[in-house]
2 protein chains.
Amino acid sequence: MVPSPGKSVSSTQNGVPRAVVTRLSLYLRELQQLHQRGIETVSSGQLGKLLGFTDAQVRKDLAHFGQFGHPGIGYRCAELIDAVRRILGTDRNWSVALVGIGNLGRALLGYRGFQRQGFRIAAAFDAQLEKIGKSIEGVEVFSAERLEEIVRHRDIQLGMIAVPAPQAQQVADRLVAAGIQGIVNFAPVTISLPEQVSLVGVDLAIELEQISFAVVNRNGNG
Amino acid sequence: MVPSPGKSVSSTQNGVPRAVVTRLSLYLRELQQLHQRGIETVSSGQLGKLLGFTDAQVRKDLAHFGQFGHPGIGYRCAELIDAVRRILGTDRNWSVALVGIGNLGRALLGYRGFQRQGFRIAAAFDAQLEKIGKSIEGVEVFSAERLEEIVRHRDIQLGMIAVPAPQAQQVADRLVAAGIQGIVNFAPVTISLPEQVSLVGVDLAIELEQISFAVVNRNGNG
DNA sequence: ACATGTGAAAAAATTCACAGCA
DNA sequence: TGCTGTGAATTTTTTCACATGT
């Protein structure tokens with residue numbers, strides 16, 4: 001059982017720094033946009049410029065995983081998109097359980113961006129009786145009591161926690177007991193997981209705090 | 001005009017790495033919890049253990065900003081909370097504009113964690129006529145056309161963007177034109193800002209992608 | 001000419017380890 | 001004894017610069 005505040009920590013996976021994986025997701029996002037606009041190839045310099053990175057950084061990041069470029073040409077967008085999706089694991093379809101159907105939970109249920117990247121919310125859970133049995137955004141809402149049962153039965157691999165902070169650890173424990181492999185925690189609290197389960201934490205207030213700091217300490221870059 | 005994907009980049013502010021500032025927010029969150037439980041002092045080792053960091057890292061992070069500890073004792077929670085809030089700038093009250101009242105926008109309007117850290121959503125904006133004039137969660141919803149006017153008049157300093165990706169850059173430009181100082185962008189797209197305006201990006205799909213990668217490449221730590 | 005991939009160099013972040021204070 | 005603050009050592013990450021391929 002190891003405390004893991006989430007993305008903030010630079011813990012590695014397979015020798016690949018977390019920061020590299022985050023940039024990989026950003027590359028993918030840009031590439032998909034370029035591809036949609038009909039652009040066929042892009043150089044490391046162009047891709048980096050879109051995101052504020054150097055060309056060398058783009059190449060070094062990709063070099064962790066193989067050779068994807070064509071000297072003199074750059075990267076073919078469609079090709080690199082496929083490669084990055086394979087690396088990130090978003091070439092498969094993931095089933096996700098959502099626990100907590102408050103304001104944030106409902107927003108997550110309706111978020112179109114998940115579907116687009118291969119994530120499907122396969123079941124939602126809440127403790128409040130009046131929500132149970134309904135279907136929100138096409139997703140069935142179950143009693144939290146049935147969490148283990150449904151997660152197992154539907155072969156759900158990932159979890160998102162959107163319950164109030166005091167319940168987050170308990171929910172995490174139950175998701176783990178149900179055999180889940182990774183969790184995104186939106187509750188503003190640190191949770192501990194056995195180290196074989198992956199965790200990313202998202203704290204909305206912390207994002208604003210980062211902006212607050214940047215504004216107050218604005219002397220150099222912004 | 002400089003592209004800034006957000007928190008993922010380790011760009012510095014005042015010589016302080018972004019990663020340090022993120023950990024500062026995590027320290028604050030733990031300290032507030034400890035304080036609430038009536039715990040008066042905490043050592044760097046204890047605080048670090050709660051978050052999965054080393055004692056040295058906690059001390060080095062704080063050392064960027066001054067001396068806050070008491071040899072032989074540790075840190076007094078109340079004292080360090082005050083210090084960290086001053087550093088982060090959350091000792092003041094911030095007024096925030098929210099643009100985009102879809103699912104996510106509504107969730108942000110109802111999010112209690114902002115208030116708790118000194119952030120108040122002072123006005124909300126949407127382009128859809130049927131939402132305008134309403135009050136949601138006690139926050140007035142205005143026509144997007146009035147963005148500059150209201151932001152200026154209410155002296156709003158920060159913005160949150162929760163509109164669809166294609167509109168995000170335009171909204172950002174208008175927030176900047178209205179004199180805003182920092183933006184949290186929830187739209188899944190990279191936006192460019194003049195460098196004197198701070199930016200943090202939050203992409204919900206990317207958070208799941210990070211988990212996906214971690215699950216697929218699980219060999220070492222999780 | 002153009003752009004990748006990659007060793008080598010540089011810079012940055014983390015950890016070590018200990019002097020000094022309560 | 002317990003714990004901070006901090007130089008020094010180490011490790012990690014980024015940048016440089018160039019040989020190689022198209």
Side-chain angles (χ1 to χ4, degrees), chain A residues 4-5 7-24 26-27 30-31 34 39-77 79-80 83-84 87 220-221, chain B residues 5 7-24 26-27 31 34 39-77 79-80 83-84 87 220-221:
Chain A
S4 335
K7 63 189 171 315
S8 35
V9 200
S10 60
S11 68
T12 63
Q13 207 86 34
N14 238 351
V16 182
R18 153 78 38 91
V20 171
V21 184
T22 304
R23 287 194 297 267
L24 223 49
L26 293 168
Y27 300 151
E30 293 302 327
L31 287 165
L34 291 168
I39 291 156
E40 304 216 328
T41 68
V42 67
S43 70
S44 56
Q46 294 172 315
L47 185 52
K49 201 164 182 191
L50 288 169
L51 289 159
F53 306 142
T54 65
D55 58 339
Q57 175 131 70
V58 172
R59 295 197 300 275
K60 261 281 154 61
D61 282 347
L62 294 174
H64 279 97
F65 307 100
Q67 303 191 168
F68 308 102
H70 304 274
I73 303 291
Y75 302 87
R76 300 198 212 288
C77 294
E79 200 176 289
L80 188 52
V84 174
I87 295 164
N221 119 44
Chain B
K7 63 187 171 318
S8 33
V9 200
S10 60
S11 68
T12 63
Q13 208 86 36
N14 238 349
V16 181
R18 151 77 40 90
V20 171
V21 185
T22 304
R23 286 195 297 268
L24 222 49
L26 293 168
Y27 299 151
L31 286 163
L34 291 168
I39 291 156
E40 307 217 326
T41 68
V42 66
S43 71
S44 56
Q46 294 172 314
L47 184 53
K49 200 164 182 190
L50 287 169
L51 289 158
F53 306 143
T54 65
D55 57 338
Q57 176 131 68
V58 173
R59 295 197 301 274
K60 261 281 155 59
D61 283 346
L62 294 173
H64 278 97
F65 306 99
Q67 304 189 168
F68 308 102
H70 304 274
I73 303 289
Y75 301 87
R76 299 199 214 286
C77 293
E79 200 175 290
L80 188 53
V84 174
I87 295 164
N221 120 41

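Throughout, a chain's letter reflects where its sequence line sits, starting with A, and its residues are numbered from 1. All values derive from a computational prediction rather than experimental measurement.
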Heavy-atom donor-acceptor pair, A:Gln57 side chain to A:Thr54 backbone, under 3.5 Å: no

What is the distance, to the nearest angstrom, from the CG atom on A:Leu80 to the C1' atom on C:dT4? 13 Å

Please report the distance, rounded to the nearest Å, between CG in B:Asp55 and P in D:dT4. 8 Å

If every non-hydrogen atom of A:Cys77 is compared with every non-hydrogen atom of A:Leu34, which pair is closest and at what distance? SG-CB, 4.2 Å

OP1 or OP2 of D:dC3 less than 4.0 angstrom from a side-chain nitrogen or oxygen of B:Gln46, does that happen here? no

Please determine, for the side chain of A:Ala56, which listed nucleotide (D:dC16, D:dC3, D:dG7) has the closest atom? D:dC16

Nucleotide C:dT4, atom C1' - distance to CG of A:Leu47 in whole Å: 14 Å

Can you check the A:Phe68 CZ to C:dT6 P distance for me, whole Å? 11 Å

Given atom NZ of B:Lys49 and atom C1' of D:dC3, what is their separation to the nearest angstrom? 16 Å

From C:dT15, C:dG5, D:dT4, pick the nucleotide closest to the side chain of B:Gln57? C:dT15

Nearest 0.5 angstrom please: B:Leu62 CG to B:Arg23 CZ, how far? 10.0 Å

B:Tyr75 vs D:dG2: side-chain N/O to OP1/OP2 distance below 4.0 Å: no

For the side chain of A:Arg59, counting heavy atoms from C-beta on, which of D:dG5, C:dT6, C:dA3 is nearest? C:dT6

Atom pair distance, as rounded to whole Å: NE2 in B:His64 and C1' in D:dT4: 17 Å

Ranking C:dA13, C:dC21, D:dT22 by distance to the side chain of B:Pro71, first place goes to C:dC21

Using whole Å, report how far CZ of B:Phe65 lies from P of D:dT4. 18 Å

Has A:Ser44 got a side-chain N or O lying under 4.0 Å from the OP1 or OP2 atom of C:dA3? no

How long is the gap from OH on B:Tyr75 to CZ on B:Arg59, to the nearest 0.5 Å? 6.5 Å

Heavy atoms under 4.0 Å, any strand shown: does A:Gly72 hit a base, just sugar-phosphate, or nothing? base

Whole angstroms only, please: what is the CD-C1' distance between B:Gln67 and D:dT6? 9 Å

Is it the case that D:dT13 (base atoms only) and A:Lys60 (side chain only) share a donor and an acceptor within less than 3.5 Å, ignoring hydrogens and angles? no

Does D:dT13 have OP1 or OP2 sitting under 4.0 Å from an N or O in the side chain of A:Arg23? no

Could you state the interatomic distance from CZ (A:Phe65) to CG (A:Leu24), rounded to the nearest 0.5 Å? 5.0 Å

